[in-house]
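Only one structure is covered here, and it is reproduced in the block below.
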Amino acid sequence: MRVTGLLLLVAHLLIVAWLTLRPRTVPWVSATNLEPLATIRAELAYGPSWDAVQHLGGSVLLLAPLGVLLPLSAGRLNVSPLVSLTRTVFAGAMISLAIELLQSGVPGRVPDIDAVLLGSLGVALAHLAVVPGARRRLRRRYGDLGEATPRIPRVELAPQADVLSGSRTYL
């Protein structure tokens, strides 16, 4: 499952890089937006329209698969949902920020802080919609394969095998 998740993650990131980092030949470009929510407000200022939905929805959907692919590539079943969400959204936000920073050097592309916010929102929504339920089903199907290593009472030390990652040879 990890290998499949990793391959899909790399394929998705290559597609995103191709879509967002290609130079565009345009007669003019808008100014760089470093004010949060300014682009979103400008898109919605004239009321909801198909262009606004297309622009904002495209920004949300561009990185949304990362909300599923990042936890899938990690391959953990027994992890706190809040920790998983936080880790995934942070990684998605950093990838989105890296894309925006790289766009500053591409002709015809302009960095926009709202793209980072919308990309992070897409990652969070996809994660919340898919990952907790999928993990619950996988835990039910495969049982608790990843239970914690038993600890020695009153000492709280793990057995030697835990330290050597399953190896029984002692030096």
Side-chain angles (χ1 to χ4, degrees), residues 1-20 33 35-41 43-44 48 52-103 111-167:
M1 202 164 41
R2 272 187 201 177
V3 174
T4 303
L6 211 69
L7 290 174
L8 289 173
L9 178 66
V10 169
H12 177 71
L13 289 176
L14 287 173
I15 291 169
V16 167
W18 183 75
L19 288 173
T20 58
N33 175 29
E35 181 185 340
L37 305 177
T39 303
I40 297 170
R41 270 190 247 117
E43 290 285 339
L44 297 175
V53 169
Q54 206 172 11
H55 182 261
L56 297 176
S59 296
V60 169
L61 292 177
L62 182 66
L63 294 179
L66 292 179
V68 176
L69 293 175
L70 286 170
L72 181 65
S73 64
R76 295 182 184 139
L77 284 180
N78 296 322
V79 65
S80 165
L82 184 61
V83 170
S84 177
L85 176 67
T86 304
R87 187 182 307 145
T88 303
V89 171
F90 179 75
M94 292 298 108
I95 290 170
S96 182
L97 183 63
I99 289 169
E100 293 301 317
L101 290 174
L102 289 172
Q103 278 185 346
D112 186 0
I113 192 67
D114 290 338
V116 175
L117 297 175
L118 291 170
S120 301
L121 176 67
V123 169
L125 291 175
H127 182 87
L128 289 172
V130 175
V131 174
R135 279 192 176 139
R136 192 175 311 116
R137 272 179 268 152
L138 286 172
R139 277 193 302 263
R140 248 187 269 134
R141 178 183 294 170
Y142 296 112
D144 291 327
L145 297 176
E147 290 181 2
T149 304
R151 305 286 182 179
I152 299 171
R154 296 178 51 192
V155 180
E156 291 298 322
L157 293 175
Q160 186 70 22
D162 186 37
V163 175
L164 296 174
S165 69
S167 175

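Closest non-hydrogen pair, Ser73 versus Leu9, comes out as OG-CD2, 3.9 Å. Annotation for Pro65 and His12: closest pair CG-CE1, 3.5 Å, computed over non-hydrogen atoms. Here the closest heavy-atom approach between residue Ala124 and residue Val89 is recorded as CB-CG2, 3.6 Å. For Val131 against Gly67, the heavy-atom pair with the smallest separation is CG2-O, 3.4 Å. Leu117 and Pro36 make their closest contact through CD1-CB, 4.1 Å (heavy atoms, listed as atom of the first residue, atom of the second, distance). Closest of all the heavy-atom pairs between His127 and Pro81 is NE2-O, 4.5 Å.
In this structure, CG on Leu138 lies 15.5 Å from CZ on Arg76, to the nearest 0.5 angstrom. For the atom pair Leu70 CG and Leu8 CG, the distance stands at 12.0 Å (nearest 0.5 Å). Distance check: Asp114 CG to Asn33 CG gives 5.0 Å after rounding to the nearest 0.5 Å. Atom CD1 of Ile40 sits about 9.5 Å away from atom NE2 of His55, to the nearest 0.5 Å.
With sequence neighbours left out, the side-chain contact (heavy atoms from CB on, under 4.5 Å) criterion links Leu62 to Val16, Leu19, Thr20. For the side-chain contact (heavy atoms from CB on, under 4.5 Å) test, no residue two or more places apart in sequence or in another chain qualifies with Arg2.
The number of heavy-atom neighbours closer than 6.0 Å to CZ of Arg41, taken from other residues, nucleotides and ligands shown, is above 12.
Here the side chain of Arg139 pairs no donor or acceptor atom with the backbone of Asn78 at under 3.5 angstrom. Although no hydrogens or angles enter the test, the distance criterion places a donor-acceptor pair under 3.5 Å between the side chain of Ser120 and the main chain of Val116.
When side chains are defined from C-beta on, Glu100 does not count as touching Ile113, because their heavy atoms never get closer than 4.5 Å. In this structure, Leu66 and Thr88 have side chains that are not in contact, with every pair of non-hydrogen atoms separated by 4.5 Å or more. Between Val79 and Arg135 the shortest side-chain heavy-atom distance falls below 4.5 Å.
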Worked verdict on Thr39 versus Leu118 for side chain to side chain contact (heavy atoms under 4.5 Å, CB included): CA-CA 11 Å; Thr39 303; Leu118 291 170; over 6 Å; no
